[in-house]
2 protein chains.
Amino acid sequence: MTNTSDLSRLMSIAAVERDCGLPKDTLRVWERRYGFPNPLRDRHDERLYPAEQVATLRLLRRLVEAGHRPGKVVGRSDEELSVLLRQVGVPARQIIGAEARQVLKLLGAYDAAGLREVLNALLMRAGLGAFAAEIGPGLAEAVGAAWSRGEIEIHQEHLFTEQFTTVLRSAINAAQGAGLPRRRPRVLFSTFPQEPHALGLLMAEAMFTLEGCLGISLGVQTPIPEIAAAARAHEADILALSFSSMIPALQAIAGLTELRALVPETVEIWAGGACPGLRPKAGFLVFRELSAIAPAVGDWRSRAAVARSS
Amino acid sequence: MTNTSDLSRLMSIAAVERDCGLPKDTLRVWERRYGFPNPLRDRHDERLYPAEQVATLRLLRRLVEAGHRPGKVVGRSDEELSVLLRQVGVPARQIIGAEARQVLKLLGAYDAAGLREVLNALLMRAGLGAFAAEIGPGLAEAVGAAWSRGEIEIHQEHLFTEQFTTVLRSAINAAQGAGLPRRRPRVLFSTFPQEPHALGLLMAEAMFTLEGCLGISLGVQTPIPEIAAAARAHEADILALSFSSMIPALQAIAGLTELRALVPETVEIWAGGACPGLRPKAGFLVFRELSAIAPAVGDWRSRAAVARSS
DNA sequence: GAGGCGTATTTGTCCAGGACAAATTGACGG
DNA sequence: CCGTCAATTTGTCCTGGACAAATACGCCTC
């Protein structure tokens, strides 16, 4: 007989917030309004979430992000939620289907070395540009979807991220070392404090590197005033910010607006990533596709040349 | 005349949490207990923090992180806080004093390319082993201390981390590709969910790689049951966990004990990092120095050989 | 039927003030 | 000098109420 609330599988509200990306206040108010989640309590009345409920919360987060209203979906069974999810996440990039299947197969076999080889082979075949702009996002999406369908475990997603990062970073290094002399624009890369994902940032860095830009990465999770300070210090021309669905679109826009006010008008702000509701606004550009970076750098250089000659 | 509460320089509690890294609950309870911060209120009684108070909060966070008690420092003037800040962080490793000064100078000049060159030169001069085991920790400590003293900004610390990671990861790749054939032990690397720092993990990976081990990294912040699942799936011989002072020693020990119960006795658990109170216990080893890894791998192989022949 | 606009509903975030566990300090004895 | 236990400090969690911002809905016009 299986104990449904196995002690080792209970999580505190802080752990659930970390794990699911749902703020504590939201977890509590959902419980109050919709009756779910319905955590156990320890002797001091603190919430203890069973692993099954945490899994359901992850599904809910994806659905809400995709546009469903919490009032309509919170409280439904996992089966119903899965049905809804399947209707939402129609895989957009069928092109890389074969590669994705191969990667998922290797992840299923826990074959780290094989995975690295395949990624390197893909890089060689497609070139750095297509690898970062097309294959990378496609594979990341496929792996994320497989995880949300329960086909792979978190540690397998971690493994993929780690191997992909390694391969891509090596390629960027190689491209920086050899090849074109580096010239402007000078681009500063980072993410906002709520955004811990480095993959999107790295893929963007690859695209800029291919265009011969001067790139400086601050890594992930830099406070906004610090990004502004770094922009001034490094005399950056462009701030490149990467977003995933980890961060609500509104917070992203608020952050970008705050950042806009902190740096001179001459510094451009380019935002990109898989953040559904992120729309361009006065003061910053939004890139839906990594492939749009290359022409945009060309445009920037034309503008810069005009400005210089005038 | 300067308006001390200029409207454009007021921040909501959520914004302060993001920028200072102090949770909302902590901001409220400091206000209640110590009378600081002392934010204005909008018409709906929501806190609005003036920029000056936010700056002071940043100083306070540094001091608290360096070991000062909030009750002793919250409420003091900026001048007093600055004096205290200058006293923290006496560099322990004087050996790498010259290198650290050079790195800090480059950070001060925002010279990313120069920094990369210096790190590469250090790597070549010292070799991967000494670079990862001695120079890396020494530089990281010096940079962290400089931040505590307010000599550099967070974005400069990020820049250092990013450049160091790049250099070290390239070196690990090179060492893996060429050189010895890989053989056991098979080592799985990760950190606990509360631990986002990747540098220690990477330095450990370098040490194991030099010994010719089969290394698999899951990256940072893997849930404990997932680490256990990955250990079984990959048939790992050793789980290598990295800790910083980010994580309280007791939580680390609790996590290690939990992990111990989830994996077979034959899998060893090796913990390391700059976590002050972390003591070895039955079931796992604790490494104070990265240089202790090499001999420990040798011991493991001897033990494995004995076990096999018996 | 498509599109703009004002109103109703939903939803996330904030507040206060109390409580207590976890972490740290300090006192005490070996 | 070091380990153990009690006192204190500190961070996190709790409840339940409130409301603004976001979203959906009804209505009107073209």
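Here is how names work: the chains are called A, B, and so on, in the same order as the sequence lines, proteins then strands, and each is numbered from 1. Reckoned from all heavy atoms, side chains included, excluding hydrogens, waters and symmetry mates.
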Discussion item. Whether the S244(B) and E195(B) side chains hold a donor-acceptor pair (N or O, under 3.5 Å, no angle test) is what I'd like checked.
Written reply: yes
When rounded to whole Å, the CD1 to C1' distance for the pair I13(A) and dT12(D) reads 10 Å
The reported gap from CG in L60(B) to CZ in R62(B) (rounded to nearest 0.5 angstrom) is 11.0 Å
The correct set of residues in residues 25-35 of chain B placing a heavy atom under 4.0 Å from DNA chain D is D25(B), T26(B), V29(B), W30(B), R33(B), Y34(B)
Here the distance between atom C1' of dG17(C) and atom CZ of R47(B), to the nearest Å, is 11 Å
Rounded to whole Å, the CZ-C1' distance (R41(B) to dC14(C)) equals 10 Å
Report yes or no: does R288(B) contribute a side-chain atom to a donor-acceptor pair with the main-chain N or O of A292(B) at less than 3.5 Å?
no
Among the nucleotides dC15(C), dA20(D), dA19(C), whichever has the atom closest to the side chain of H44(A) is dA19(C)
Residues at least two apart in sequence or cross-chain that pass salt bridge (charged side-chain N to carboxylate O under 4.0 Å, His left out) with E268(A), listed by chain then number, are R303(A)
Judged by nearest nucleotide, the residue sitting upstream toward the 5' end of DNA chain D, P23(B) or R69(A), is P23(B)
Steps toward side chain to side chain donor-acceptor pair (under 3.5 Å) verdict (H155(A), E157(A)): CA-CA 5 Å; H155(A) 70 264; E157(A) 186 173 15; over 6 Å; no
For E226(A), the salt bridge (charged side-chain N to carboxylate O under 4.0 Å, His left out) test, sequence neighbours excluded, returns none
Rounded to whole Å, CD of Q194(B) lies from P of dA23(C) at a distance of 11 Å
The reported gap from NE2 in H158(A) to CD1 in I154(A) (rounded to nearest 0.5 angstrom) is 6.0 Å
Ranking E46(A) and G71(A) by the position along DNA chain C of their nearest nucleotide, the one closer to 5' is G71(A)
Looking only at dA18(D), dC14(C), dG11(D), the nucleotide nearest the V64(B) side chain is dG11(D)
Q.
On the nucleotide dC13(D), are OP1 or OP2 found under 4.0 Å from the side-chain N or O atoms that K24(A) carries?
A. yes
Those residues at least two apart in sequence (or on a different chain) that pass ring pair (Phe, Tyr, Trp, His ring centres under 6.0 Å) with W147(B) are none
Here the distance between atom P of dG11(D) and atom CZ of R61(B), to the nearest Å, is 12 Å
Ignoring hydrogens and angles, tell me if any N or O in the side chain of T191(A) forms a donor-acceptor pair with the backbone of Q221(A) under 3.5 Å. yes
With five pairs defining each end axis, the helix from dG1(C)-dC30(D) to dG30(C)-dC1(D) comes out bent, to 10°, by 30°
Whole-Å distance, E65(B) CD to dT24(C) C1', equals 17 Å
When rounded to whole Å, the CD to P distance for the pair E17(A) and dT13(C) reads 10 Å
For residues 20-38 of chain B, dump all side-chain donor-acceptor pairs below 3.5 Å to protein atoms at least two apart in sequence or in another chain.
from, atom 1, to, atom 2, distance (Å)
K24(B), NZ, E17(B), OE1, 2.8
E31(B), OE1, R47(B), NE, 2.7
E31(B), OE2, R41(B), NH2, 3.3

(Q) Please determine whether a side-chain nitrogen or oxygen atom of R43(B) lies at a distance below 4.0 Å from atom OP1 or OP2 of dC19(D). (A) no
Whole-Å distance, Y49(B) OH to dC14(C) P, equals 10 Å
Regarding the side chain of Q251(B), the nearest nucleotide among dA21(C), dA23(C), dA20(D) is dA23(C)
